Number of protein chains: 2
Amino acid sequence: MAPRVTQQRIAELAGVSQTTVSLVLNGKEDSARIPEATRQRVLDVINETTYVADPAARRLAGQANNLVGIFTYEHAFPSETSDFYTPLLTGIESAAEQLGVDLLMFTSAPVVDGRRKILHERSRLRLADGCLLLGREMDADELQQLSESGYPFVTVGRRDGENIRWVGLDYKSASADLASRIIEAGHRRAVYVHLSLNAESSRDRADGLIERLSSSDVAVETAQLKDVSVEQVLDLVVSAGATVLVVEDPTEAETLHAALRAKGIAVPSQLSMVVLGERSRPQDQAIDFTRLSAPRIALGAAAMALLHETLNGVDEAEEGLPEQQLLPCALIDGSTLAQATAR
Amino acid sequence: MAPRVTQQRIAELAGVSQTTVSLVLNGKEDSARIPEATRQRVLDVINETTYVADPAARRLAGQANNLVGIFTYEHAFPSETSDFYTPLLTGIESAAEQLGVDLLMFTSAPVVDGRRKILHERSRLRLADGCLLLGREMDADELQQLSESGYPFVTVGRRDGENIRWVGLDYKSASADLASRIIEAGHRRAVYVHLSLNAESSRDRADGLIERLSSSDVAVETAQLKDVSVEQVLDLVVSAGATVLVVEDPTEAETLHAALRAKGIAVPSQLSMVVLGERSRPQDQAIDFTRLSAPRIALGAAAMALLHETLNGVDEAEEGLPEQQLLPCALIDGSTLAQATAR
DNA sequence: CGCACATGCTCATGCGCATTAGCAAGGAGG
DNA sequence: CCTCCTTGCTAATGCGCATGAGCATGTGCG
């Protein structure tokens, strides 16, 4: 095993001091006064030896390392969750590449009961300059504690709580806009099937949808597939006399759509459907739901950018990014929302 | 922001020296002689303060950090390549979680001309204890250089070259077995559409397939879709009088299958097809090719395990893992290989 | 000709930890 | 009572780097 090439070694080869090598590599223009000839000599030696600075030493000496931690509350890669994480990671990776930062995935925190805990593994957090938190639901206490410790982080998704930096999606507006379309189509009774309202994103969707519908006196019954069966949802639709079924989760929407077809209920001629989300991977045979489309790749990239700015300060020329920001969602017309007909 | 808690601080609170704290935390039983009372006092203080060691300092002092680097030659997450990387990363993540290691993704190395370079100026490779290298093709020189530097790494996929640790897939055997089925089905002329033979995995497939076919005097014409069009491939099939079309890449296989259908050539009644790979995400409308199926999740996990063993030595009870290992692929009968008929 | 000042570099130090050498105190053995 | 060994701890050092202080030269100016 070849002995490690250090700045000291470079210095010897170039006939200068270790300090000079360090200054050549990262001396500020003003404070360091190294003539071009010396600088070039050092750089030549560095190129010959393919020297790379030891990141551990840099960090110990008080440098940022351009290392951003990624904490996912569930496994990041398996296909069950990849629909959720993959587009975010895509955006994060591409932004990270542009910014020149590496990504530290905190996989060592074991997933217990389907969730990871940050604080248990706080130790590793310190290696990264800051951290991106991903997950549908997060523990507010943990977040608060982390925030108070002064550790820089940004969450992907809007979060309740003080002084937390996040980039989220404007589900509330988009859901309200879809509600408006439902109203314009003349519907008077709706059923909304949602996920757990523990997540801010789910509350935002529910709020946007229901507030708008209620303001036009459209009646809304709600249900959660976690609690009731598909059949019970269909029964609810019938008993409520609903003409439109709004579903938060696109996968559940497909399940319900299939169940409707099996029961002989045609969409949208007999029942309209509206979905408050979208599969991230377009399927070959996907149903063209009337839905909202969330810019998740952009979301990942924006979160990365905000964290980077938090760590490195605002670019001279640029304006600072807002500490909390909602990205707009697109509405997709689709073909599952029709004019309401009396039933 | 609270000042960082260090061993020094712990030492003051416990009324001992920094050395003692370090010894309590990781002194070997024999060399350190700390009475239970002192040990307990130190541990109590550590618990109260939630002290954790700075990983950068540990590394600088020559310690391993349970950090494994992941280097991908292309972007890891976008959907174009995710078919390739996702199953590997799934296996890696789950193995990493079991072993308690974090994953450092080297995203800062910019992708140039579609490829990343391992050894660039600010490479943070050394922050990780060791590294997993993923990619279809790798630069042999870079690999050799890295190997000589003594940096521990394992490549996912078989590699030519001395002293390189890898875990690969036994494409050669599996391809040969598929060739045997082709022979048993009475085919005498074949066309093989493959990817660039720069990759070891592609060479293995080509070798296994062609050696076996040739040994039974089955004629094989080869082509690469990078060089020729789909139409030219179909022309080649006709002009060669082939009764079976073997395709390395599953996506290309789908393209060719569609082209055949468009031309009115029925598979497998008029032309058999055999594929030397598989989409990692089963599509809804996927064609049930006669093919080989590669255990890619297991591959990722095995590579992680080998690297971990390289870094931490062999477990007492266990046998050591081989430094180079091929995992067997499964054969899937499918429905696209039929008995040859005279044309 | 002497002083101020700029230029080009080096010395010394510390980041937080692991580790080696070794010191002081106490007990056993002769 | 002196030696030798053990026990319980600490001082000192170095890992590779960044950085503030500072030391020689040279150069301009009065």
Side-chain angles (χ1 to χ4, degrees), chain A residues 1-42 46 49 51-67 123-127 129, chain B residues 1-42 46 49 51-67 121-129 149-151:
Chain A
M1 164 137 56
R4 196 167 152 49
V5 179
T6 66
Q7 282 189 357
Q8 185 57 52
R9 182 92 185 97
I10 301 290
E12 286 162 15
L13 292 175
V16 295
S17 70
Q18 177 260 318
T19 304
T20 303
V21 177
S22 177
L23 286 175
V24 166
L25 284 173
N26 35 31
K28 323 288 180 277
E29 293 307 317
D30 43 339
S31 75
R33 297 160 303 193
I34 312 280
E36 195 49 35
T38 307
R39 178 184 299 275
Q40 210 33 256
R41 190 150 39 89
V42 171
I46 288 178
T49 54
Y51 162 84
V52 300
D54 184 330
R58 281 175 66 86
R59 192 176 125 83
L60 196 56
Q63 287 278 312
N65 240 335
N66 289 328
L67 256 191
S123 60
R124 292 311 200 353
L125 279 190
R126 286 281 172 196
L127 227 199
D129 301 329
Chain B
M1 165 138 53
R4 193 160 161 56
V5 179
T6 66
Q7 282 188 357
Q8 185 57 51
R9 181 94 186 96
I10 301 292
E12 285 162 15
L13 292 175
V16 294
S17 70
Q18 177 259 318
T19 304
T20 303
V21 178
S22 177
L23 287 174
V24 166
L25 284 173
N26 35 33
K28 323 284 178 282
E29 292 307 316
D30 42 341
S31 75
R33 295 159 305 191
I34 313 279
E36 195 49 35
T38 307
R39 177 185 301 276
Q40 209 37 255
R41 191 152 36 90
V42 171
I46 287 177
T49 54
Y51 161 84
V52 314
D54 182 332
R58 282 176 64 86
R59 241 203 92 64
L60 196 57
Q63 289 287 110
N65 244 331
N66 288 330
L67 254 192
E121 271 193 60
R122 277 280 210 271
S123 168
R124 285 181 269 270
L125 220 48
R126 303 216 82 101
L127 196 51
D129 301 333
S149 79
Y151 185 81

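As the structure is a prediction and not an experimental result, all values here were calculated from the model. Note on naming: letters A, B, ... go to the chains in the order of the sequence lines (proteins, then strands), and numbering restarts at 1 for each one.
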**Message:** So, under a plain 3.5 Å distance rule, would you say the side chain of Q18(B) forms a donor-acceptor pair with the base of dA11(D)?
**Reply:** no
**Message:** Using a distance-only criterion (donor-acceptor N/O pair, under 3.5 Å, no hydrogens), is the base of dA11(D) paired with the side chain of T19(B)?
**Reply:**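 Answer is yes: a donor-acceptor pair is held.
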**Prompt:** Rounded to the Å, how far apart are L25(A) CG and dC9(C) C1'?
**Reply:** 16 Å
**Message:** Without decimals, in angstroms, what is the distance between L60(B) CG and dC17(D) P?
**Reply:** 9 Å
**Prompt:** Nearest to the side chain of L23(B), which nucleotide is it out of dT10(C), dT10(D), dA18(D)?
**Reply:**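 That would be dT10(D).
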**Message:** Nearest to the T6(B) side chain among dC17(D), dG16(C), dG8(C), which nucleotide is it?
**Reply:**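 Per side-chain heavy atoms of T6(B), the pick is dG16(C).
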**Asked** What bend angle does the helix from dC1(C)-dG30(D) to dG30(C)-dC1(D) show across its length, from five-pair end axes and to the nearest 10 degrees?
**Response** 70°
Any side-chain N or O of [X] less than 4.0 Å from the OP1 or OP2 oxygen of [N]?
X      : N       : result
Q7(B)  : dA18(C) : yes
R59(B) : dC17(C) : no
T38(A) : dC9(C)  : yes
Q63(B) : dT19(C) : yes

**Nearest-nucleotide comparison on DNA chain D, the residue closer to the 5′ end among T20(A) and V16(B)** =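 That would be V16(B).
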**Item:** Residues D54(B), R59(A): salt bridge by 4.0 Å N-O rule
**Value:**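 Answer for the salt bridge query: yes.
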**Asked** Which is true for S22(B) with a 4.0 Å heavy-atom rule: it touches a base, it touches only sugar-phosphate, or it touches nothing?
**Response**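 Result for S22(B) = base.
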**Asked** What closest approach, in Å, do R58(B) and A53(B) show between heavy atoms, and which atom pair accounts for it?
**Response**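 Looks like CD-CB, 3.7 Å.
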